[in-house]
Amino acid sequence: MSQITFFLMIISMMVSTGTSVLIGQYNGAARHNDSANIAVASIYLGICMGIILGGIAFFACGTIIGLYGLEYQVAQFGYDYLLISGSFTITVTLGIIFSTILRCHGYSKSPMFINLFAGLINIIGNYCALYQPFGLPVYGVQGVAIATVLSQLISAVLLWYMLRYKNITLPMASFLSIPFLFYKKILRIGVMNAGEMLSYNLSQMVVIYFVVQMGTASLTAFTYAQNIARLSFAFALAIGQASQIQTSYFIGKGWINEILIRVQKYFVIALISSISIALLIYLCRFQIIDIFTQDPQVVMLTAGLIFGSIFLEAGRVFNLVFISCLKGAGDINFPVKIGILSMWGISAFLTYLLGIYFGFGVIGAWVAIAADEWLRGVIMLLRWRSKKWTQFTLS
């Protein structure tokens with residue numbers, strides 16, 4: 001379910017990514033009216049996008065789950081979760097857009113604390129759904145999905161309140177007078193910008209399909225290792241997002257050489273952080289895995305994948321930082337094209353070749369993903385250092 005949920009988030013981010021680039025560059029160029037209009041346009045586009053995605057999840061969730069060929073009980077769990085959480089994708093979409101607008105105006109702490117608070121509510125809700133401390137009528141997977149949606153709704157409401165509290169100009173009533181060109185710019189940038197992430201998620205769904213063929217133990221270990229690995233790249237992801245906003249702002253100011261050097265410094269910090277966290281997780285791997293399972297086969301497979309994460313996460317940092325900054329500069333087509341070639345030609349194809357054809361199993365899939373991250377990452381580093389992205393500054 002994590003892949004499908006992430007897929008819905010990527011589609012939602014088609015609006016927010018375009019918003020981030022445009023608001024950053026317009027603020028940098030002191031075009032504050034244009035910046036406000038972009039923010040309003042993105043909110044209305046987000047509402048439309050959330051309704052469409054929610055409708056697709058509601059009416060097609062059975063078909064989507066059926067594509068995975070899962071065991072009946074597992075498929076039922078997936079259906080119950082996707083039906084509820086996917087139908088309310090609008091809460092995720094608006095939350096992402098509100099957070100983006102706040103961050104682009106320099107308010108990065110508010111979204112962080114609000115999302116932490118929402119995460120805490122989600123954890124408490126999951127506990128109540130799974131252990132029924134108060135005898136709640138809704139429990140299990142359905143209860144977990146409801147807790148997730150509730151936390152996302154609370155987050156979106158608090159973020160909206162923060163937008164008004166910070167006095168960020170949002171002329172909501174004048175959305176009809178906003179030039180159509182602004183909506184077009186958001187979607188043009190957003191669709192291309194999300195193309196790289198969408199391709200990544202689709203290729204990962206294919207990878208998951210191959211991993212399913214390797215057996216339940218392999219799928220379980222792969223899922224655990226992916227979730228644990230998120231701790232490794234969380235800090236690098238944050239640096240990449242912040243670097244994208246700063247790149248857009250500096251581009252608007254015309255400070256090309258300054259941002260060129262800064263981004264490379266940010267990359268080094270992100271790389272050191274990710275490798276350090278990955279090493280720490282590896283040292284504590286058995287204690288961490290013990291939280292999820294005691295199955296000997298799953299434990300050994302997961303431990304092996306965590307060891308491989310040290311190499312994998314180092315490669316992922318290149319993409320988290322440099323791709324974000326290339327997008328912030330308006331250089332969007334290049335990462336998308338390279339991403340599509342590498343994700344499918346390396347990640348998906350090598351997963352089948354190494355994992356299934358040559359019989360290396362889930363370890364082969366992990367090696368394939370790492371190879372994809374490193375190949376794309378090195379190419380993006382070279383692209384950034386070439387300064388070819390300077391020709392894509394948006395008007």
Side-chain angles (χ1 to χ4, degrees), residues 1-13 16 46-47 49-51 53-59 61-62 64-65 68 70 73-100 102 109-163 165 201 219-220 223-231 233-234 237-238 288-294:
M1 283 308 93
S2 61
Q3 295 298 323
I4 297 175
T5 301
F6 189 61
F7 176 82
L8 293 174
M9 290 182 64
I10 294 305
I11 300 298
S12 301
M13 290 174 65
S16 67
I47 292 173
M49 185 70 70
I51 292 173
L53 291 174
I56 292 174
F58 181 81
F59 291 107
C61 61
I64 295 171
I65 296 299
Y68 281 88
L70 301 170
Q73 188 62 55
V74 178
Q76 186 62 48
F77 288 152
Y79 177 87
D80 292 341
Y81 184 84
L82 181 61
L83 181 66
I84 297 173
S85 64
S87 299
F88 291 91
T89 304
I90 189 171
T91 59
V92 179
T93 304
L94 289 178
I96 292 172
I97 292 172
F98 295 159
S99 295
T100 299
L102 283 166
K109 291 183 180 179
S110 299
M112 179 185 70
F113 287 122
I114 289 173
N115 287 326
L116 285 174
F117 177 67
L120 179 62
I121 292 177
N122 192 21
I123 292 173
I124 294 173
N126 288 343
Y127 175 80
C128 293
L130 294 174
Y131 298 100
Q132 298 178 268
F134 308 110
L136 297 176
V138 180
Y139 58 92
V141 174
Q142 293 180 336
V144 170
I146 291 173
T148 300
V149 170
L150 181 62
S151 67
Q152 292 167 349
L153 176 61
I154 292 173
S155 174
V157 171
L158 291 176
L159 287 166
W160 172 253
Y161 170 78
M162 194 57 59
L163 282 171
Y165 177 77
N201 189 250
L219 176 61
T220 303
T223 303
Y224 287 157
Q226 276 198 323
N227 290 330
I228 294 170
R230 287 179 180 147
L231 296 173
F233 67 79
L237 177 62
I288 296 174
I289 298 171
D290 188 61
I291 298 173
F292 301 100
T293 182
Q294 287 78 44

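Keep in mind that what you see is a predicted model, and the values were worked out from it rather than measured.
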With rounding to the nearest 0.5 Å, note down the distance linking CD1 in Ile114 to OH in Tyr161.
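Rounded to the nearest 0.5 Å, the CD1-OH separation comes to 10.0 Å.
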
- prompt: Which residues satisfy the side-chain hydrogen bond (donor to acceptor under 3.5 Å, both in side chains) test with Thr93, sequence neighbours excluded?
  reply: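 With neighbours one apart ignored, the set is Ser12.
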
Would you please name every residue forming a side-chain contact (heavy atoms from CB on, under 4.5 Å) with Ile90, sequence neighbours left out?
->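 Ile90 satisfies side-chain contact (heavy atoms from CB on, under 4.5 Å) with Ile47, Ile51, Leu94 once adjacent residues are dropped.
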
- Set of residues satisfying side-chain hydrogen bond (donor to acceptor under 3.5 Å, both in side chains) with respect to Ser155, sequence neighbours excluded: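 If we apply the side-chain hydrogen bond (donor to acceptor under 3.5 Å, both in side chains) test to Ser155, skipping adjacent residues, the hits are Asn115.
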
Restricting to non-hydrogen atoms, name the atom on Ala57 and the atom on Ser87 that form the minimum distance, rounded to 0.1 Å.
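Closest approach of Ala57 to Ser87, heavy atoms only: CB-N, 3.9 Å.
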
For Leu153, check side-chain contact (heavy atoms from CB on, under 4.5 Å) against everything at least two apart and list the hits.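 With sequence neighbours excluded, Leu153 shows a side-chain contact (heavy atoms from CB on, under 4.5 Å) to Thr91, Val157, given in chain and number order.
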
Q. Taking all non-hydrogen atoms of both residues, which atom of Ser151 and which atom of Asn122 are closest, and how far apart?
A.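 Closest approach of Ser151 to Asn122, heavy atoms only: OG-CB, 3.6 Å.
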
### Message
Taking side-chain contact (heavy atoms from CB on, under 4.5 Å) as the definition, give me every residue that meets it alongside Leu102, ordered by chain and number, with sequence neighbours left out.
### Response
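Residues passing side-chain contact (heavy atoms from CB on, under 4.5 Å) with Leu102: Tyr107, Pro111, Leu159, Met162, Leu163, Lys166, Ile168.
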
- Task: Could you tell me the separation between the CZ atom of Phe58 and the OG1 atom of Thr89, rounded to the nearest 0.5 Å?
- Result: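 Going from the CZ atom of Phe58 to the OG1 atom of Thr89 covers 12.5 Å.
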
Check: Between atom CD of Gln152 and atom OG of Ser85, what is the distance when rounded to the nearest 0.5 Å?
Finding: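 Here the interatomic distance stands at 7.5 Å.
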
Discussion item. The criterion is ring pair (Phe, Tyr, Trp, His ring centres under 6.0 Å); which residues satisfy it with Phe88, sequence neighbours excluded?
Written reply: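 With sequence neighbours excluded, Phe88 shows a ring pair (Phe, Tyr, Trp, His ring centres under 6.0 Å) to no residue whatsoever.
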
Residues which pass ring pair (Phe, Tyr, Trp, His ring centres under 6.0 Å) with Phe292, listed by chain and number, not counting sequence neighbours: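 Listed in chain order: Tyr224.
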
Run the side-chain contact (heavy atoms from CB on, under 4.5 Å) test against Ile124 and tell me which residues pass, sequence neighbours left out.
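Ile124 satisfies side-chain contact (heavy atoms from CB on, under 4.5 Å) with Leu120, Cys128 only.
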
Of all the heavy-atom pairs spanning Ser16 and Ile97, show the shortest one and how long it is.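 Distance-wise, the nearest heavy atoms are CB-CG1, 4.2 Å.
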
- What residues, two or more places apart in sequence or in another chain, satisfy ring pair (Phe, Tyr, Trp, His ring centres under 6.0 Å) together with Phe98?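 Trp160.
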
Side-chain heavy-atom pair Ile84, Ile146 within 4.5 angstrom cut-off: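 Yes, at least one pair of side-chain atoms sits under 4.5 Å.
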
For the CG atom of Leu150 and the CD1 atom of Ile121, what is their distance to the nearest 0.5 Å?
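It is 6.5 Å, given to the nearest 0.5 Å.
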
